[in-house]
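What follows is one structure encoded as structure tokens, with my remarks underneath.
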Amino acid sequence: MSKVVKFGGSSLADANQFRKVADIIRSDKERRYVVPSAPGKRYKDDIKVTDMLYACYDAVANEGKNAYNQFAPISERFNGIIADLGLTLSLDDEYEKIIDNFRKKAGKDYAASRGECLNGIILANYLGYEFIDAAKAIFFTSKGEFDAELTDASLASILEGYPNAVIPGFYGARPDGTIKTFSRGGSDFTGSVVARAIKADLYENWTDVPGVALADPRIVENPKFIDVITYRELRELSYMGFSVLHQDAIFPVRTAQIPINIKNTNDPAAKGTMIVPSAPEGSNEHIITGIAGKKHFSAVCLEKDEMNSEIGFLRRILTLMDNEGICFEHIPTGIDTMNIVVNSDELAEHPNFVERVKQVANPNHIEVENDLALIAVVGRGMKSKKGTATRIFAALSHANINIKMIDQGSSELNIIVGIHEADFEKAIKVIYDMFILSEG
Ligand code: ADP
Ligand code: ASP
Ligand code: MG
């Protein structure tokens with residue numbers, strides 16, 4: 001048996017957290033490969049090291065400020081951890097190199113990745129494990145796309161040589177050696193990639209909550225936690241806002257069918273949430289598995305007489321979006337109406353889009369509605385139960401929340417509703433109450 005363990009930023013925010021992490025690793029010899037994040041927040045208003053690095057790089061490379069002064073608070077954080085752990089390690093040479101590279105404008109990805117890299121060096125030293133620089137084992141193409149095959153092969157062959165190792169999360173290198181990061185929260189993805197490469201039996205993802213909650217704990221007070229969730233359910237929920245796991249992190253382990261266990265570093269004995277390939281029907285305590293949501297969407301709403309019978313209407317719009325490079329979130333259609341729901345920033349980046357739609361589709365009416373939020377109610381139990389949609393609509397209607405869009409996934413795994421952004425938190429709370437509190 002072998003396990004890959006990933007520890008998030010809050011799990012490695014200071015020396016005390018490092019000690020908990022080392023205890024967890026040492027208590028189970030199957031926990032062989034460790035993927036750390038950069039130090040996160042130690043208290044509510046603290047700043048994550050990754051955010052400090054982005055700001056420092058900007059100040060040095062773009063504003064020309066003094067690199068030593070700007071970098072000092074960052075080296076102090078790492079030196080504080082080293083001193084509190086009683087290590088003899090010195091990172092001074094590393095700091096020199098980083099400062100030099102900041103001055104040479106090595107890029108913001110390089111800058112951000114140093115948080116994971118330095119934390120990985122400290123953790124490897126503390127555990128007595130080999131440190132494997134992710135730049136030597138995790139690869140992107142020259143276009144900046146993750147190179148899954150090359151990474152899989154290189155990680156497998158490197159790690160074969162070490163019974164234990166620390167591989168920093170969040171970054172890798174392009175063929176020319178320059179550093180590239182995944183999107184924010186990407187250490188979860190690195191953990192999944194390492195688990196797949198070594199064909200691990202389990203990928204443990206250690207964080208600061210007891211697992212995946214049925215709704216974001218920052219919105220619903222004391223939500224219930226999910227015991228078992230499938231890859232597909234979690235993919236939907238993390239895509240729609242469950243930031244507890246990076247939205248792409250299930251993909252590498254999914255092909256290898258390796259389960260993920262989300263666990264709490266501050267309560268290691270608790271069983272956490274298991275993310276598994278499939279789960280039997282009726283294995284869920286509630287009809288729904290979770291409620292997630294995202295803000296900041298816009299809908300381009302079109303009306304055209306006899307749209308439904310006009311051949312090629314949808315194709316023309318999709319081709320236009322393809323050419324413009326716009327990703328859509330949903331395209332719910334009525335008889336003579338169609339809404340194109342897109343992220344508001346994406347729409348703002350293409351100011352001519354509405355004009356272009358008019359040209360290619362010639363609608364009778366077109367308007368843009370902003371400030372939308374999408375809420376996804378997800379659950380493998382929904383397929384076999386009647387009345388789920390009715391209950392969602394009843395909950396929203398009792399709370400006086402207007403539904404602007406409805407979309408049921410073809411798999412019957414989710415129902416998505418569009419509402420005004422101002423109603424977002426309230427909507428999640430009332431749907432939670434309807435399904436979870438009322439079911440006991
Ligand atoms: P880490 O630093 O360990 O990667 P993150 O901050 O990325 O941790 O993710 C954990 C956080 O995700 C939690 O502290 C919580 O605030 C947030 N979160 C959002 N949605 C959920 C959810 N449904 N269940 C649990 N946590 C959630
Ligand atoms: N440190 C990076 C971030 O803050 C990556 C991660 O924590 O997963 O986004
Ligand atoms: Mg995270």
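In listed order, ligands and their atoms are each counted from 1.
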Side chains of E329 and Y239: do they bring a donor and an acceptor to under 3.5 Å?
yes
Any chance you could measure M240, atom CE, to I291, atom CD1, to the nearest 0.5 Å?
12.5 Å
Distance under 4.0 Å, heavy atoms only, partner ligand 2: which residues pass?
S37, K48, T50, E116, F170, R184, G185, G186, S187
Where is the tightest heavy-atom contact between E116 and T50, given as atom of each residue plus distance?
OE1-OG1, 4.3 Å
CD/Q257: more than 12 non-hydrogen atoms of other groups inside 6.0 Å:
yes
Salt bridge (charged side-chain N to carboxylate O under 4.0 Å, His left out) evaluation trace for D51 with R184
CA-CA 10 Å; D51 292 314; R184 294 300 303 265; 3.0 Å; yes
Report the distance from atom CG of L87 to atom CG of N79, rounding to the nearest 0.5 Å.
11.0 Å
Ligand 1: which residues have a non-hydrogen atom closer than 4.0 Å?
K6, G8, G9, S10, W206, T207, D208, V209, G211, V212, A213, A215, D216, P217, R218, F242, S243, V244
Does either side chain, that of D109 or that of Y57, offer a donor lying less than 3.5 Å from an acceptor on the other one?
no
For residues 58-68, dump all side-chain donor-acceptor pairs below 3.5 Å to protein atoms at least two apart in sequence or in another chain.
{"residue": "D58", "atom": "OD1", "partner": "N62", "partner atom": "ND2", "Å": "2.5"}
{"residue": "E63", "atom": "OE1", "partner": "K65", "partner atom": "NZ", "Å": "3.1"}
{"residue": "N66", "atom": "OD1", "partner": "Y68", "partner atom": "N", "Å": "3.0"}
{"residue": "N66", "atom": "OD1", "partner": "N69", "partner atom": "N", "Å": "2.8"}
{"residue": "Y68", "atom": "OH", "partner": "E96", "partner atom": "OE1", "Å": "2.7"}
{"residue": "Y68", "atom": "OH", "partner": "E96", "partner atom": "OE2", "Å": "3.0"}

For K271, which residues count as a salt bridge (Lys or Arg N to Asp or Glu O under 4.0 Å) partner, sequence neighbours excluded?
D227
